Asks: 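For reference, the structure I am asking about is given below.
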Amino acid sequence: MTQAADKPFLVSWEELHRDARVLAWRLLEQGPFERIVAIARGGLVPAAVVARELEIRLVDTVCVASYDDAKALGKQGDMQVLKDVAGDGTGVLVVDDLVDSGLTAKLVRDMLPKAHIATVYAKPKGRPLVDTFVTEVSQDTWIYFPWDLGAQPVQPIVLGRKPR
């Protein structure tokens, strides 16, 4: 993934909530699930929405970080599991916000081979590694999630016009 992607895709809190609910609708026929494992940190918010919609009360996390000088350039580095979960994934729904390169999804799939992995958004490289997703975006799209954005003042339209 690269922050210099050609296509920025901004997602508001309302859009993320709506898309997480759509994910829950798609997952209704896939279960039943005994518990949810959110991939921290991006999967925490959609996992909370899905847990509510599917009435799943057991929610856990798997925590993965990537460390590399390339991270400063928006690239994913070496993967490090900070917190894992026990079991083989039977009855487990894994939720994340996005599958991009598929590195995190592959790591979690290896950890929980029988789990059902679901993401809100998917890019082509990672899409084969998830079982359910809502929206596919191109590989050169950079998704800005609501927690990455802040409100800022915008000039009135008339002030941005060029004089004739």
Side-chain angles (χ1 to χ4, degrees), residues 1-3 5 9 11 13 15-28 30-137 139 141-150:
M1 64 187 159
T2 171
Q3 277 186 311
F9 184 76
V11 178
W13 285 109
E15 290 166 329
L16 182 63
H17 185 243
R18 178 202 62 215
D19 291 344
R21 289 190 78 219
V22 170
L23 183 61
W25 274 106
R26 291 188 181 174
L27 292 166
L28 273 174
Q30 305 296 323
F33 301 106
E34 297 169 14
R35 64 186 173 126
I36 290 178
V37 172
I39 298 178
R41 293 176 309 212
L44 292 170
V45 172
V49 173
V50 170
R52 178 197 182 274
E53 297 301 330
L54 298 183
E55 285 284 314
I56 298 172
R57 303 237 177 227
L58 294 174
V59 181
D60 201 350
T61 59
V62 62
C63 305
V64 179
S66 57
Y67 295 101
D68 194 277
D69 289 337
K71 190 172 181 184
L73 301 173
K75 296 181 181 174
Q76 200 167 24
D78 295 331
M79 306 297 286
Q80 181 179 3
V81 177
L82 303 174
K83 178 188 173 291
D84 64 0
V85 292
D88 63 2
T90 300
V92 174
L93 170 61
V94 175
V95 177
D96 205 356
D97 56 350
L98 164 71
V99 61
D100 188 328
S101 66
L103 292 176
T104 301
K106 182 176 179 346
L107 184 102
V108 173
R109 174 73 71 202
D110 291 345
M111 189 184 304
L112 301 168
K114 294 184 178 179
H116 186 98
I117 299 178
T119 62
V120 181
Y121 305 103
K123 291 186 179 182
K125 283 185 183 177
R127 191 185 61 168
L129 295 164
V130 299
D131 301 301
T132 305
F133 67 93
V134 175
T135 302
E136 183 174 355
V137 297
Q139 200 66 42
T141 296
W142 184 265
I143 299 177
Y144 290 93
F145 288 98
W147 48 84
D148 297 324
L149 303 172

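Just so we're clear, the structure is a prediction, and the values are computed from it rather than from any experiment.
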Asks: Taking all atoms of both residues into account, what is the closest heavy-atom pair of A47 and A38, and its distance?
Replies: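 Smallest heavy-atom distance, with atoms named: CB-CB, 3.5 Å.
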Asks: List the residues meeting side-chain hydrogen bond (donor to acceptor under 3.5 Å, both in side chains) with E15, not counting sequence neighbours, and say none if there are none.
Replies: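 side-chain hydrogen bond (donor to acceptor under 3.5 Å, both in side chains) check on E15 returns S12.
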Asks: Go through the steps to decide whether F133 and L23 satisfy the test side-chain contact (heavy atoms from CB on, under 4.5 Å), and finish with yes or no.
Replies: CA-CA 7 Å; F133 67 93; L23 183 61; 5.7 Å; no
Asks: Can you find a heavy atom in the side chain of I143 that is under 4.5 Å from one in the side chain of V137?
Replies: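 Heavy-atom side-chain distance check passes, below 4.5 Å.
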Asks: In Å, rounded to the nearest 0.5 Å, how long is the span from CG of L98 to OG1 of T104?
Replies: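 Result: 9.0 Å between the selected atoms.
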Asks: Any carboxylate oxygen within less than 4.0 angstrom of a Lys/Arg side-chain nitrogen, looking at E136 and R127?
Replies: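 Counted as a salt bridge, because a side-chain N and a carboxylate O are separated by less than 4.0 Å.
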Asks: Hey, what do you get for CD1 (I36) to CD1 (I56), rounding to the nearest 0.5 Å?
Replies: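 Rounded to the nearest 0.5 Å, the CD1-CD1 separation comes to 4.0 Å.
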Asks: Charged N to carboxylate O under 4.0 angstrom, D60 versus K83?
Replies: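 A salt bridge links D60 with K83.
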Asks: Please work out whether the ring planes of F145 and Y121 are parallel, tilted or perpendicular, with thresholds of 30° and 60°.
Replies: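 Ring orientation, 0 to 90° scale: tilted.
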Asks: With heavy-atom distances below 4.5 Å as the criterion, would you say the side chains of W147 and L16 are in contact?
Replies: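 They are in contact (side-chain heavy atoms under 4.5 Å apart), so the answer is yes.
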Asks: For G91, does its backbone N or O pair with a side-chain atom of R35 as donor and acceptor, under 3.5 Å?
Replies: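 Not a single qualifying donor-acceptor pair exists.
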Asks: So, do L112 and V94 sit near enough that their side-chain heavy atoms are less than 4.5 Å apart?
Replies: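 Touching, per the 4.5 Å side-chain cut-off.
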Asks: Within a radius of less than 6.0 Å around CH2 of W25, do more than 12 heavy atoms belonging to other residues, nucleotides or ligands occur?
Replies: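 No, the 6.0 Å shell around CH2 holds no more than 12 heavy atoms from other groups.
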Asks: Write down the atom of L129, the atom of A105, and the distance for their closest heavy-atom approach.
Replies: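 Heavy-atom minimum between the residues: CB-CB, 3.9 Å.
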Asks: Within the structure provided, determine whether V99 and K123 are in side-chain contact (heavy-atom separation under 4.5 Å).
Replies: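 No, side chains not in contact.
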Asks: Are D19 and H17 packed together at the side-chain level, in the sense that at least one heavy-atom pair is separated by less than 4.5 angstrom?
Replies: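 D19 does not reach H17 side chain to side chain.
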Asks: Only one of V50, V49, V134 passes side-chain contact (heavy atoms from CB on, under 4.5 Å) with R21; say which it is.
Replies: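 Between R21 and the candidates, side-chain contact (heavy atoms from CB on, under 4.5 Å) is satisfied uniquely by V49.
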Asks: Assess whether side-chain contact (heavy atoms from CB on, under 4.5 Å) is satisfied between L93 and L54, documenting all intermediate values.
Replies: CA-CA 11 Å; L93 170 61; L54 298 183; 4.3 Å; yes
Asks: Please report the C-alpha distance between V81 and M111 in whole Å, then the side-chain angles of each, then the deciding distance to 0.1 Å, and finally whether the side-chain contact (heavy atoms from CB on, under 4.5 Å) criterion is met.
Replies: CA-CA 10 Å; V81 177; M111 189 184 304; 4.0 Å; yes
Asks: Who pairs with Q30 by side-chain contact (heavy atoms from CB on, under 4.5 Å), at least two apart in sequence or on another chain?
Replies: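 Applying side-chain contact (heavy atoms from CB on, under 4.5 Å) to Q30 gives L27, F33, H116, T132.
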Asks: Measure the shortest side-chain to side-chain distance between V62 and L107 over non-hydrogen atoms and say whether it is less than 4.5 angstrom.
Replies: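 In short, these two side chains do not touch, never coming nearer than 4.5 Å.
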Asks: Take V45 and D97, measure what side-chain contact (heavy atoms from CB on, under 4.5 Å) needs, and give me the verdict at the end.
Replies: CA-CA 8 Å; V45 172; D97 56 350; over 6 Å; no
Asks: Could you check whether any side-chain heavy atom of E34 comes within less than 4.5 Å of a side-chain heavy atom of V92, counting everything from C-beta outward?
Replies: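 No; the side chains remain at least 4.5 Å from each other.
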Asks: Can you check whether C63's main-chain N or O pairs, donor with acceptor, with T61's side chain at less than 3.5 Å?
Replies: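 Not a single qualifying donor-acceptor pair exists.
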Asks: Can you tell if the side chain of T135 reaches within under 4.5 Å of the side chain of V120, non-hydrogen atoms only?
Replies: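 T135 vs V120: side chains apart.
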Asks: Applying salt bridge (charged side-chain N to carboxylate O under 4.0 Å, His left out) as the test, list every pair that has at least one member in residues 106-120; sequence neighbours left out.
Replies: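 Listed by first then second residue: D88-K114, K106-D110, R109-D131.
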Asks: Mind checking the OG1-CD1 spacing from T119 to I39? Nearest 0.5 Å is all I need.
Replies: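 Rounded to the nearest 0.5 Å, the OG1-CD1 separation comes out at 9.0 Å.
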